[in-house]
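Scroll down for the structure; my scribbles are underneath it.
Just so we're on the same page: letters track the sequence lines, and every chain starts at 1. Atoms considered below: every heavy atom in the structure, side chains included; atoms not considered: hydrogens, waters and symmetry mates.
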There are 2 protein chains.
Amino acid sequence: MPEEVRDEKATQGIQATLDVMGGKWKPLILFILLHEGTKRFGELRRQLPNVTQGMLTNQLRELERDKLIVRQAYQEIPPKVEYSLSDHGRTLSSVLTDMCGWGYKHIEFMQSIKSGKE
Amino acid sequence: MPEEVRDEKATQGIQATLDVMGGKWKPLILFILLHEGTKRFGELRRQLPNVTQGMLTNQLRELERDKLIVRQAYQEIPPKVEYSLSDHGRTLSSVLTDMCGWGYKHIEFMQSIKSGKE
DNA sequence: CTGCATCCCGAATGATACTG
DNA sequence: CAGTATCATTCGGGATGCAG
């Protein structure tokens, strides 16, 4: 397989991952659902003080569309909606963990450089 | 450690990773440098037909700022500049590979759903 | 050959008010 | 409580022309 094609295919995979969890709040939402299980809309909202209702709804809709989370609505008054990771969403766990780990090493690396300069 | 704090820290790491490789062309640039080693500016440009000069320069500058790649300029006429992964940049390899792998599984997963529906 | 500066656009994000 | 609608804003991405 020519290099260009292989590179392009590799990037497709990475791009797909980025498309799915690249939103500004998606990583945090996924992380919360991964570690704390099912959450109601209001609970998520309270745990994400800087996210507006509209944005939260938006991000949740996209995650649902991409089959990473499951939305369960109860037809009650008052309304009640619960979100949880799907089985497919749980397969993101290792990637999420890896990125988290690398990110921390990166932050430390940058700080070590900074302090070394000054 | 309270849940909110742990979540926030976890997200910091993920966010740092996203900041660093989240640009539209960065994953591909990193992948090429990872697999093919040092490249001249013009070579990269030819391998990324859809990226404008300006964007390529931009992305390379950011990657350099984040210490993922090394820029070596030769003071010649005509100018010659080579880019290569730094040691730190190479530590991204496993993350890149993981994301690539998950992305592909995701693409297949979505296609299996689509074909199942129709 | 390589890179910078400038302008421009559309998408993503965010604030606010309203509804079942 | 959960969600929609609308409008403002910010920002990444892209085109073009110039420069060392």
Side-chain angles (χ1 to χ4, degrees), chain A residues 8 11-12 14-30 32-33 36-66 68-84, chain B residues 8 11-12 14-33 36 38-66 68-84:
Chain A
E8 209 165 303
T11 300
Q12 279 179 30
I14 296 174
Q15 203 57 54
T17 305
L18 256 32
D19 287 347
V20 149
M21 55 169 292
K24 190 165 183 182
W25 305 104
K26 288 181 189 175
L28 186 45
I29 294 171
L30 291 170
I32 291 176
L33 292 179
E36 303 178 26
T38 302
K39 288 277 174 184
R40 291 190 56 169
F41 184 87
E43 292 179 302
L44 284 173
R45 192 155 126 66
R46 257 170 273 122
Q47 271 186 289
L48 303 167
N50 300 320
V51 191
T52 56
Q53 277 182 346
M55 279 310 300
L56 183 53
T57 302
N58 228 348
Q59 306 277 297
L60 288 170
R61 283 283 176 287
E62 291 184 17
L63 290 171
E64 189 195 0
R65 171 174 49 75
D66 295 331
L68 294 185
I69 65 176
V70 176
R71 175 179 186 272
Q72 170 144 25
Y74 299 86
Q75 290 307 322
E76 305 173 356
I77 302 293
K80 174 180 170 182
V81 183
E82 288 182 340
Y83 294 91
S84 56
Chain B
E8 209 165 301
T11 301
Q12 279 179 30
I14 297 173
Q15 203 56 55
T17 306
L18 255 32
D19 287 347
V20 149
M21 57 169 292
K24 188 164 184 182
W25 305 103
K26 289 180 189 175
L28 185 46
I29 294 172
L30 290 170
F31 222 87
I32 291 176
L33 292 179
E36 303 177 26
T38 303
K39 288 279 175 183
R40 289 191 56 171
F41 183 87
E43 292 180 301
L44 283 173
R45 193 155 125 65
R46 257 171 271 121
Q47 270 185 289
L48 303 167
N50 300 321
V51 191
T52 56
Q53 277 182 346
M55 279 311 299
L56 183 54
T57 302
N58 229 347
Q59 307 277 297
L60 288 170
R61 282 283 174 288
E62 293 185 13
L63 289 171
E64 189 196 1
R65 172 173 50 74
D66 294 331
L68 294 185
I69 65 175
V70 176
R71 174 179 186 272
Q72 169 144 26
Y74 299 86
Q75 288 308 320
E76 305 173 354
I77 302 294
K80 173 181 170 183
V81 183
E82 289 182 341
Y83 294 92
S84 57

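Within the structure, every pair that satisfies the side chain to side chain donor-acceptor pair (under 3.5 Å) test and touches residues 72-81 of chain B, not counting sequence neighbours, is listed here: B:Tyr74-B:Glu82. Listed by first and then second residue, the side chain to side chain donor-acceptor pair (under 3.5 Å) pairs that reach into residues 15-28 of chain B are B:Lys26-B:Glu62, sequence neighbours excluded. Each salt bridge (Lys or Arg N to Asp or Glu O under 4.0 Å) pair with one or both residues in residues 43-54 of chain B, not counting sequence neighbours, would appear here, but there are none.
Between A:Met21 atom CE and B:Leu18 atom CG the span is 5.5 Å, to the nearest 0.5 Å. For the atom pair CD1 (B:Ile69) and CD1 (B:Ile29), the distance works out to 7.0 Å, reported to the nearest 0.5 Å. To the nearest 0.5 angstrom, B:Ile32 atom CD1 is 4.5 Å from B:Gln47 atom CD. Between the CG atom of B:Leu48 and the CG atom of B:Leu28 there is a distance of 5.0 Å, given to the nearest 0.5 Å. Interatomic distance, CG of B:Leu60 versus CE of B:Met55, reported as 10.0 Å (0.5 Å rounding).
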Could you run down the sub-3.5 Å N/O contacts of the protein with nucleotides 14-18 of chain D?
from: D:dG14; atom 1: OP1; to: B:Lys24; atom 2: NZ; distance (Å): 3.0
from: D:dG14; atom 1: OP2; to: B:Trp25; atom 2: NE1; distance (Å): 3.0

Short N/O separations, protein against nucleotides 9-11 of chain D, under 3.5 angstrom:
none

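For DNA chain C, the contact window with chain B, defined by any atom under 4.0 Å from a protein heavy atom, covers C:dC1 to C:dC4 in 5' to 3' order.
With sequence neighbours left out, the ring pair (Phe, Tyr, Trp, His ring centres under 6.0 Å) criterion links B:Phe41 to no other residue. For A:Ser84, the side chain to side chain contact (heavy atoms under 4.5 Å, CB included) test picks out A:Thr38, A:Val70, with sequence neighbours left out. Every residue meeting the side chain to side chain contact (heavy atoms under 4.5 Å, CB included) condition with A:Arg71, not counting sequence neighbours, appears here in chain and number order: A:Arg61, A:Glu64, A:Ala73, A:Val81, A:Tyr83.
For the helix from C:dC1-D:dG20 to C:dG20-D:dC1, the angle separating the two terminal helix axes comes to 40°, with each axis derived from five pairs and the value rounded to 10°.
B:Arg40 comes within contact range of the sugar-phosphate backbone alone, with a heavy-atom separation under 4.0 Å but no base atom that close.
If you check residues 56-63 of chain A against DNA chain C, the residues with a heavy atom closer than 4.0 Å are A:Gln59, listed by number. The stretch residues 69-82 of chain B comes close to DNA chain C through B:Arg71, B:Pro78, B:Pro79, B:Val81, each having a heavy atom under 4.0 Å from the strand.
Of all heavy-atom pairs between B:Val20 and B:Asp66, the closest is CG2-OD2, 3.7 Å.
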